[in-house]
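This report concerns only the one structure given below.
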Amino acid sequence: MEEIYPFRTIEPKWQSFWEKERLFEVDTSRTDKTKYYCLVMFPYPSATLHVGHGRNYIIGDVVARYKLMRGFNVLAPIGWDAFGLPAENAAIKGGLHPKISTLNNIATMKRQLRQWGVCYDWRREVTACFPDYYKWSQWIFLKLYEKSLAYKKRAAVNWCSSCQTVLANEQVVNGACERCETPVIQKFLEQWFFKITDYAERLLKDIAQLTHWPERVRVMQRNWIGKNEGVAIHFPVDGEGEPLTCFTTRVDTIYGATYMVLAPEHPRLQELIRDSKNKGEIQQFVERILRQPQEERSALEVKKEGVFTGWHVVNPVNGRKIPLWVANYVLLEYGTGAVMAVPAHDQRDFEFAKKYGLPIEVVIDQPENPLNPLTMKEAYIEEGIMVHSELFNGLGNREAMEKIAHFMEKKGMGRRTSAYRLRDWLISRQRYWGAPIPILYCNACGIVPVPEKDLPVLLPENVRFRPTGESPLKDAPEFVKTRCPKCKGEGKREFDTMDTFVDSSWYFLRYLSPQNAERPFDTALVNRWLPVDQYIGGVEHAILHLLYSRFIVKVLHDLGYVGFDEPFERLFTQGMIIKDGFKMSKSKGNVVSPDELIERFGADTVRLYTLFIGPPEKDAEWSDRGVEGAFRFLNRVWRLSQLLSKRGALVPVSSAVSGLNEEGVSLRRKLHLTLKKVTEDMEGSFRFNTAIASMMELVNEIYRYLGEEEKTLQENERVLLREAFELLVLLLAPFIPHLAEEIWSSLGRKGSVFRASWPSYDPNAIAVEEVTIVIQVNGKVRSKLNVAVDLSDELLKEKILNDESIRKWLDGKTVKQWVIVPKKLVNLVVT
RNA sequence: GGGCGAGUGGCGGAACGGCAUACGCGACGGACUUAAAAUCCGUUGCCGAAAGGCUUGAGGGUUCAAAUCCCUCCUCGCCCACCA
């Protein structure tokens, strides 16, 4: 008997078999089976793949194989998020052209996925850096442009001085570049944006539909959109025509506004201070604030500072003139970039007013303990009764909020509105390795979109791509110089490229018709196959990719290209795999390479351990000992098949199991409990770790049942063992597909185990139920826990009355009343 | 500061009102071996010689019964945060 199972010969054999069998090649036109779209987030082709990356693909593969066995028509595609900075940065360091290194990395990852036993429909592979793909990313840009959802504006934007490019708001983490952690500064630049804010309300509202998404991700998206309801109030500027509008969520405090503040970037500021006598001072202040890294400006303990503009504005409700200031604590991007300051009831305004000696006026008070503006130590932000607020005096502030808002709307002083934290998606990048933005600039016609028929705008390959702060494409004359399609005059191409998140916001549509040269996707097909049934990926995409994809799909829906407006029905976010307390990374030197492990233990071991390591949605610490444990289990399964075969328990049988002794009944019960448990763990939230644990228990049980090697097996024992083992192999198949196929064929079964159907359990085999027995003796309650009993009431009663500890309680008395709730509770009333 | 989640053996974790510590790792003992590895069998929450007692971050509550539900607190993780 071989002690170690021959994974080195088994695994390549079955990998080739699956390819020959076209196991994962799906016919998307079939309607006789229910479709199942199982999607893993398409990978960035990086050079060093580690076991942490594998978790994603292994989970996806287990789900796809399981659904195949459940009779679904399974679509499991893969592609490459192939544009992006790392390849370009590597090229700058003197390596290969990004195109070459990307293609090399793709080849390596393909080999690794195959060795993992992870299967896809490779005919549907898409690669984001190929012109036949990015042509359609550009097409999407044009569609947004047509609907005015793509626009160019000069704005204060996030700039990473290390990556030498602008970043989207979503790519700034704690004031630093999410990629290189360089503090982000603000720059005034003219850039392309997608108007995602137009969809803020729908993106927020539809989160409610995403009931099969992790709550954590839904909360993160809600926070990110950050809706606040309030009132936009127009304050006339004293001596100037155009009023200034501010946004507040606390309109109840309007009578306490003692000054107004503008953000340093406020568009009206320059015009207002043109003739100010302290123009120089203001200018200096504004410039100093804008130069600060974002990290510094938004840090927790930044002191508030500001300058008086020389202007006054008029509070519309009482006609009072209040001074207009500019200060560092007001953000342009939120609300209107202008704030009515109520020092008595807002901590920030309070601090600012104290510092600059601005008046503090209480308008919400607590009658039993009135506030004194002179001695207050902090702003009063609790609820209270309205004071100094003219006709609203005496009302509760909650109620007043409603009334004042209504009053202001009626008088045209303001309107109810919402402010969102979400900002428009900045998609320009001053980098080389991305899809060119399909726009050109003509002296005569201005901004001209590239006509659809001229797509793709090809990315030139022969370019020096060292970042200079401007796109490297600028220095490729043959790219930049072009003719205007409208007037045929001279034109210049836009030389910025698109954020790679544009590429990844629609790839799941392309998989349905990856070769279609006429259209980005086939509307009828995507309508049949989407939303994606199961999306699997890392939680690091909870905001970026998932929000952008939802946005693009909603836009495509509104344009009539797709019939659904949410792309992902179910989302699963797997946890990270940690080594020595850190995320695996080359620089930390804690990378566990899958190639080595597969060489030593085989792919099934790596798969099984990855799935057994812990709850898949949680982070988990990698342990080399744990891998050995998984390997040990596989060998136990392998030896079991040899042992059973040797003892004649694997010959095909026709008779059904009968005449089992107590151990046999118990093993059969365990078998069907395992079938039940594994199936339940596969459905709903994925509990692979407990599914595997229960299969380990079954294996242990079978070994115990087999007993001594000398013992000859009876006919009925052999039949039972054959049944148990065969069903076990079916359960194991999605997890350890190579070994399962090998054993399946050794059982004399023809064809792939994945063409067999997933077994269902026999309820009769588990027809022993656990019941809680509560006995009330003379009104006093005693209980006994979980007695295993048969279902019939008579047998149940007999068993209970014969139970030793219950007899003790009954103490010779008779049962007056039985209350039996099937499977739950037995209540005995005894006098 | 606001929101969400979590705290269980030496470790990863299971149970999610009904036998706490399944399964795995590690450790210990034994078999096999000249020996080691591998493999197999057994033991393994804590205290105690044993009988027995104690145990799910701390404290309280509900219940016949609480790791699980409720309240207070502590600790950790994540998200948002000068957001008006």
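A quick note: this is a predicted structure, and the numbers were derived from the prediction, not measured. Order of the sequence lines fixes the chain letters, A, B, ..., with proteins taken first and strands second; residue numbering starts at 1 for each chain.
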Checklist outcome for this item: In B/S/- notation (B base, S sugar-phosphate only, - none; protein heavy atoms under 4.0 Å), nucleotides 21-30 of chain B written 5' to 3' is -BBSSS----
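With a cut-off of 3.5 Å on both pairing distances, B/G9 has no Watson-Crick or G-U wobble partner at all. Pairing partner, B/A38: none, since no Watson-Crick or wobble contact has both distances short of 3.5 Å. The partner of B/U72 is B/A58, by the rule that a Watson-Crick or G-U pair needs both atom distances under 3.5 Å. Pair assignment for B/C4 gives B/G77, based on Watson-Crick or G-U wobble hydrogen-bonding distances that are each under 3.5 Å. If you check B/C82 for Watson-Crick or wobble pairing at under 3.5 angstrom, you find it has no partner at all. Across all strands shown, B/U44 forms a Watson-Crick or G-U wobble pair with B/G26, both key distances being under 3.5 Å. When both pairing distances are held under 3.5 Å, B/A66 makes no Watson-Crick or G-U pair with any nucleotide shown.
For the pair A/M220 CE and B/C78 P, the interatomic distance rounds to 11 Å; values are reported in whole Å. Rounded to a whole Å, the CZ atom of A/R216 is 11 Å from the C1' atom of B/A6. Rounded to whole Å, atom P of B/G77 lies 14 Å from atom CE of A/M576.
A donor-acceptor contact shorter than 3.5 Å links the side chain of A/E409 to the backbone of A/R416.
For A/Y334, taking side-chain heavy atoms from C-beta onward, the closest of the listed nucleotides B/U39, B/A84, B/C80 is B/A84.
No side-chain N or O of A/E361 forms a donor-acceptor pair with one of A/Y255 less than 3.5 Å apart.
B/G5 shows a glycosidic angle more than 90° from 0 and is accordingly assigned anti.
The pair A/E701-A/R704 meets the salt-bridge criterion, since a charged nitrogen lies less than 4.0 angstrom from a carboxylate oxygen.
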